[in-house]
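To start, the structure under review is shown below, and the notes come after it.
This one's a predicted model, so the numbers in the text were calculated from it and none came from an experiment. Any value given below was found using the heavy atoms of this structure, including those in side chains, with hydrogens, waters and symmetry copies removed.
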Amino acid sequence: MVDWAKALETFIVGFGGVFITLVILMLGVGIFSKIVVGITNMKKKES
Amino acid sequence: MDFSVFHSIILDTGFMHLTFGNIIMWAIALTFITLAITKNYEPLLLVPIGFGMFIVNLPLTDLMKEGHLLWVPYHYAIDHFDLIPPIIFMGIGAMTDFGPVIANPKTLLLGAGAQFGVYVTFFGSLLLGFNLHEAASIGIIGGADGPTTIFLTAKLAPHLLGATAVAAYSYMAMVPIIQPPIMRLLTSKEERRIKMKQMRPVSKLEKVGFPLVATLIICLLIPPAAPLVGMLMVGNLFRECGVVERLSNTAQNELINIVTIFLGLCIGGTMPASVFLKPQSLYIFFLGLIAFCFSTAAGLLLAKFMNLFLKDKINPLIGAAGVSAVPMAARVAQVVAREEDKRNFILMQAMGPNVAGTIGTVSAAGLFLTLLLH
């Protein structure tokens, strides 16, 4: 007998979780890139 | 003269124990080996898998019995300690350039959207009578990522390992056949002609920092994904840091080749006729195809949806590359785009969702483990 409640939970939390994880990764990578590019530009100006 | 010796020798030959099922499995093994050699379909995997399948279907060889040749690597490196899939991921990491994802992080969303097929198939499998653990192992085929499929199935439904692994690698090999019709069906000519802006150059510091940032974020959010994500990213760090060339070369050549041999033979070894020739194997192949088609379609449709909000439009074909299958899915997106416009080059842009798809599939597998094993 399939536990449909657990299946639904797996779908919602699972698929939603994949999206949330990758959205957070997207934001994390974006912020990291901005910091690196900012520092690089600052160093260029200084030199 | 004692003829009983001859009698027992004859009885101990494989011929006396051959079944019709064994012969069917030989034919399937031969088909895999032939496709690998003549059509170049995932030869690195299908040749050892085909031979492993062939040899375990020779009666009385007992290679997969406890303590025997194939059982040892299978038990210790796949089933019990899941060592091989993460090592393969280290090699993949060492071969992968994450530059397109760093240059355009939005493509990570396409990697997430393309996991839709995983969950559609999860439900489809439940409707066909599989339990939750089996359904998750079948659904993950939609991610088109062989090592992740093996990693998850070994933990949740090891008895399905042979069928799910072969389905995943077969569909990865058939990306150029399965995806283009779906791509043409769900996009207009104008959409396929969209030219994307050239990506910005990515600095070395960004490339070195990416594996650390990605490991930090994913492993904190989904700890069970750590073996795969960690190894993928350490392989990538070897590649990008530029000071451990020997380690990078080993990870992407010798090491991955050695474990691929064991992986292929062991996966083939899990397919004796008595285990494989069941209706559920056919269901798994059918459901795997459904998963793969839905993942492709979801990636395309999400790309079209994103275009409603983006100033610089993206070519929706790159959404289909959100299934892992690196780099074949990206190449297919390029081929279909060039059918409409010979001067349209979207390969590098398609590599973004392609590698994001790998991260997405690993995340999906980690979440299945979190939700179903706790």
Side-chain angles (χ1 to χ4, degrees), chain A, chain B residues 98 101-116 118-120 122-123 125-127 129-132 135-136 139 143 200 202-210 212-214 216-218 220-222 225 298 302 356-357 359-368 370-372:
Chain A
M1 189 68 189
V2 177
D3 181 352
W4 287 105
K6 182 76 183 166
L8 195 63
E9 180 196 272
T10 306
F11 170 69
I12 294 169
V13 179
F15 192 44
V18 172
F19 252 101
I20 291 168
T21 303
L22 291 188
V23 166
I24 293 172
L25 184 60
M26 180 181 84
L27 296 173
V29 172
I31 292 166
F32 171 71
S33 284
K34 281 213 166 75
I35 293 169
V36 170
V37 171
I39 291 171
T40 314
N41 288 344
M42 223 162 63
K43 276 187 177 172
K44 268 184 193 167
K45 271 185 190 170
E46 279 175 7
S47 65
Chain B
F98 282 102
V101 171
I102 303 168
N104 188 5
K106 282 192 286 283
T107 55
L108 283 163
L109 292 178
L110 296 171
Q115 307 310 315
F116 184 63
V118 170
Y119 294 94
V120 168
F122 171 71
F123 273 104
S125 307
L126 293 174
L127 290 173
F130 291 96
N131 64 35
L132 285 167
R200 70 172 176 86
V202 175
S203 68
K204 185 181 172 181
L205 186 55
E206 284 175 275
K207 286 189 173 181
V208 172
F210 177 80
L212 301 171
V213 172
L216 181 78
I217 292 173
I218 299 172
L220 283 178
L221 288 170
I222 317 170
L302 181 63
I359 298 173
T361 309
V362 171
S363 304
L367 283 161
F368 272 134
T370 305
L371 292 163
L372 298 177

Any side-chain heavy atom of [X] sitting closer than 4.5 Å to one from [Y]?
X: Phe32(A); Y: Ile102(B); answer: no
X: Val29(A); Y: Glu206(B); answer: no
X: Leu8(A); Y: Phe123(B); answer: yes
X: Leu109(B); Y: Leu22(A); answer: no

Report the distance from atom [atom1] of [X] to atom [atom2] of [Y], rounding to the nearest 0.5 Å.
X: Thr10(A); Y: Leu372(B); atom1: OG1; atom2: CG; answer: 4.5 Å
X: Phe11(A); Y: Leu367(B); atom1: CZ; atom2: CG; answer: 13.0 Å
X: Lys6(A); Y: Leu126(B); atom1: NZ; atom2: CG; answer: 12.5 Å
X: Ile24(A); Y: Leu221(B); atom1: CD1; atom2: CG; answer: 4.5 Å

Contacting region of [X] [heavy-atom separation from chain A under 4.5 Å]:
X: Leu108(B); result: both
X: Phe116(B); result: both
X: Leu127(B); result: both
X: Leu132(B); result: side chain
X: Phe368(B); result: side chain
X: Leu212(B); result: neither
X: Leu371(B); result: both

Measure across Phe122(B) and Ala7(A) and return the closest heavy-atom pair with its distance rounded to 0.1 Å. CE2-O, 3.6 Å

For Met26(A) and Lys106(B), the nearest pair of non-hydrogen atoms, with its separation, is SD-CA, 3.7 Å

Is chain B contacted by the side chain of Val18(A), its backbone, both, or neither, given a heavy-atom distance below 4.5 Å? both

Contact origin within Phe15(A) toward chain B - heavy atom pairs under 4.5 Å: both

Just give me the residue among Ala364(B), Gly209(B), Ala214(B) that pairs up with chain A most often, heavy atom to heavy atom, under 4.5 Å. Gly209(B)

Interface check, chain A: of Gly111(B), Ala112(B), Gly360(B), most non-hydrogen pairs under 4.5 Å belong to Ala112(B)

Determine the option with the most heavy-atom pairs under 4.5 angstrom with chain B, choosing from Leu27(A), Thr21(A), Val23(A), Ile35(A). Thr21(A)

